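Below is one structure, written out as C-alpha cells, with a few remarks after it.
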Amino acid sequence: MDETEFWELVDSARDAAEGDPEDQSDLLVERLSQLDPDAVLDFARHFEARANRAYRWDLWGAAQLLLGDVDDDAFDAFRYWLIGQGREVFEGALHDPDNLAELLEDFDERVDGDCEDLGFAADEAYEQLTGAVLPDLGLPSRPAEPAGPVLDLEDARALAARFPRLWERFRA
C-alpha cells in the first residue's frame, strides 16, 4: 500500500461516515478487513508514522485551543483524529497548526478532535483477519517528548500569540 492508497482509505471512510469519527473508525476496520494482512500492516505503518510526525508541541498547543485541557491520552486521540481528516488537513496542520482555523470548517469540540478508535483500526482489522495481534511495525518509537520548541500549554497569552487565527475563532 502506498501513501496515496493510505489517504484514499482514510478519505473514503470519512466521507462514508459523513464526518462522524466513530463511524469512520468502524468503516475503516470494515474496509481494512477486506484487504490482505500485509496491506493492513502497510496501512498501520503509514498511520503510525504520521501519528509520530504529529507528536509536536505546536500541534499540542493547537489541540489545547480547540479542545481545552489536553493531556497525553487526549493528544494521542487528537492526532489520530487529525489523520482521519485527510491529507490536506493533516499536512496543512503540520505546515502551520494555525491553519486549522481555516481547514476545519465545521469543527464541533463535542464530537471532533477526538478519535482514539481510529488509532486502533488497523490492529482490529489485522486481528479479525489473522486471529493474532498486530506485530511490531519496525518503526522508531514515538519520541519521549514532542518535537519542536516547548510551549507552555497553560499560558493563554503565549497560545494566543502563537496561534492568532485559532485563538480568534475558538477562544476569543
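As the structure is a computational prediction, the values presented were derived from the model and not from experiment. All residue numbers refer to positions in the sequence shown, counting from 1.
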Give a yes or no on whether L35 and V29 share a hydrophobic cluster (residues Ile, Leu, Val, Met, Phe, Trp, Tyr; joining criterion: side-chain heavy atoms under 4.5 Å apart).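 Hydrophobic grouping puts L35 apart from V29.
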So the side chain to side chain donor-acceptor pair (under 3.5 Å) pairs with at least one residue in residues 148-162 (sequence neighbours excluded) are none
Side chain to side chain donor-acceptor pair (under 3.5 Å): which pairs involve residues 18-35, sequence neighbours left out? S12-R31
Distance from [X] atom [atom1] to [Y] atom [atom2], nearest 0.5 Å?
| X | Y | atom1 | atom2 | result |
| --- | --- | --- | --- | --- |
| R169 | L100 | CZ | CG | 9.5 Å |
| N99 | L104 | CG | CG | 10.0 Å |
| L166 | D96 | CG | CG | 8.5 Å |

Non-hydrogen side-chain atoms of [X] and [Y] separated by less than 4.5 Å:
| X | Y | result |
| --- | --- | --- |
| W7 | D2 | no |
| L28 | F43 | yes |
| W60 | F78 | no |

R56 charged N/C atom sitting above F75 aromatic ring, 6.0 Å / 45°: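 So R56 doesn't make the cation-pi contact.
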Got a sec, which residues hit side-chain hydrogen bond (donor to acceptor under 3.5 Å, both in side chains) with [X], two or more places apart in sequence or on another chain?
| X | answer |
| --- | --- |
| R14 | D11 |
| D69 | Q64 |
| D98 | R165 |

Please list, chain by chain and in numerical order, all residues satisfying salt bridge (charged side-chain N to carboxylate O under 4.0 Å, His left out) with R45, sequence neighbours excluded.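 Applying salt bridge (charged side-chain N to carboxylate O under 4.0 Å, His left out) to R45 gives D42.
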Contacts of D76 meeting salt bridge (charged side-chain N to carboxylate O under 4.0 Å, His left out) (sequence neighbours excluded), chain-then-number -> R79, R142
Minimum heavy-atom distance [X]-[Y], with the two atoms named:
| X | Y | value |
| --- | --- | --- |
| M1 | L9 | CE-CD1, 3.4 Å |
| A54 | L59 | O-CD1, 3.4 Å |
| G113 | L67 | O-CD1, 3.4 Å |

Among residues two or more places apart or on two chains, list those pairs meeting ring-ring contact (aromatic ring centres under 6.0 Å, His included) that have a residue in residues 138-172. F107-F170
Identify each donor-acceptor pair in which a side-chain atom of residues 125-137 lies under 3.5 Å from a protein atom, sequence neighbours left out, and give them as a table.
unit_1	atom_1	unit_2	atom_2	d
T130	OG1	Y126	O	2.8
T130	OG1	A132	N	3.0
T130	OG1	A132	O	3.4
D136	OD2	G138	N	3.0

Within the side chain of H46, is there an N or O that forms a donor-acceptor pair under 3.5 Å with the backbone of T4?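 Answer holds: no.
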Might you work through the side chain to side chain contact (heavy atoms under 4.5 Å, CB included) test for D117 and Y80, ending with a clear yes or no? CA-CA 8 Å; D117 290 349; Y80 302 157; over 6 Å; no
Table please: side-chain donor-acceptor pairs of residues 144-151 below 3.5 Å, with sequence neighbours left out.
none

Pairs under 3.5 angstrom only: tabulate donor-acceptor contacts from the side chains of residues 83-95 to other protein residues two or more places apart or in another chain.
unit_1	atom_1	unit_2	atom_2	d
Q85	NE2	W81	O	3.3
R87	NH2	E3	OE1	3.3
R87	NH2	E3	OE2	3.0
E91	OE1	R53	NH2	3.1
E91	OE2	R53	NH1	3.2

